[in-house]
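Step one of this worksheet: look at the structure below.
Excluded from the calculations below are hydrogen atoms, water molecules and symmetry mates; all remaining heavy atoms, backbone and side chain alike, are included. Source: prediction; values computed, not measured.
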Amino acid sequence: MRDFEFEDNSAEAMRLIRSAMLRGLNESAEKTVEIVKDELNSKVYSKAIDATGELRDSIKVEKQGYDFEIVATAPHAEFVEFGTSTMSP
């Protein structure tokens, strides 16, 4: 009868899994940004809300660990997203 020795590679396997997850999340977030920018370009009203391209160019992914957030940093981005109907005149 032969004796077998097993080497515990679980830590390396978990490292590789985490790395693959982060790559996948990053690729998904970057693709979402592309889709949002393409959608903004294709809208009939896009010239009215983004005549200079500032809004489109400000859309990006912010990453922190496993958290990914797609943001638009243009000064008027909040008004485009949420509207102005609740603002006082």
Testing the basics here: between Ser58 and Ala74, what is the closest heavy-atom pair and its distance to 0.1 Å? OG-N, 3.0 Å
Rounded distance [0.5 Å steps], OG1 in Thr52 versus CG in Asp57: 8.0 Å
Can you list the residues that meet the side chain to side chain contact (heavy atoms under 4.5 Å, CB included) rule with Arg15, with sequence neighbours excluded? Glu12
Could you walk me through whether Ile70 and Lys60 satisfy the side-chain contact (heavy atoms from CB on, under 4.5 Å) test, starting with their C-alpha distance in whole Å, then the side-chain angles of each, then the deciding distance to 0.1 Å, before giving a yes or no? CA-CA 6 Å; Ile70 297 170; Lys60 62 183 180 178; over 6 Å; no
Is Glu54 close to His76 at the side-chain level, that is, under 4.5 Å between some pair of heavy atoms? yes
Using side-chain heavy atoms (C-beta onward) and a distance below 4.5 Å, is Val80 in contact with Leu55? yes
Using a cut-off of 6.0 Å, state whether more than 12 heavy atoms not belonging to Lys37 lie near its atom NZ. yes
Among all residues two or more places apart in sequence or in another chain, which pass the side chain to side chain donor-acceptor pair (under 3.5 Å) test with Asp67? none
Hydrophobic cluster membership, with links at side-chain heavy-atom distances under 4.5 Å among I/L/V/M/F/W/Y: are Leu16 and Met21 in one? no
Side-chain atoms of residues 26-33: list all donor-acceptor pairs with protein atoms under 3.5 Å, sequence neighbours left out, distances to 0.1 Å.
from: Asn26; atom 1: OD1; to: Lys63; atom 2: NZ; distance (Å): 2.8
from: Ser28; atom 1: OG; to: Gly24; atom 2: O; distance (Å): 3.0
from: Thr32; atom 1: OG1; to: Ser28; atom 2: O; distance (Å): 2.8

Verify the cluster assignment for Phe79 and Val71: are they in a single hydrophobic cluster under the rule of side-chain heavy atoms below 4.5 Å apart? no
Hey, quick one: are Leu22 and Ile17 part of the same hydrophobic cluster, counting side-chain heavy atoms closer than 4.5 Å, chains of contacts allowed? yes
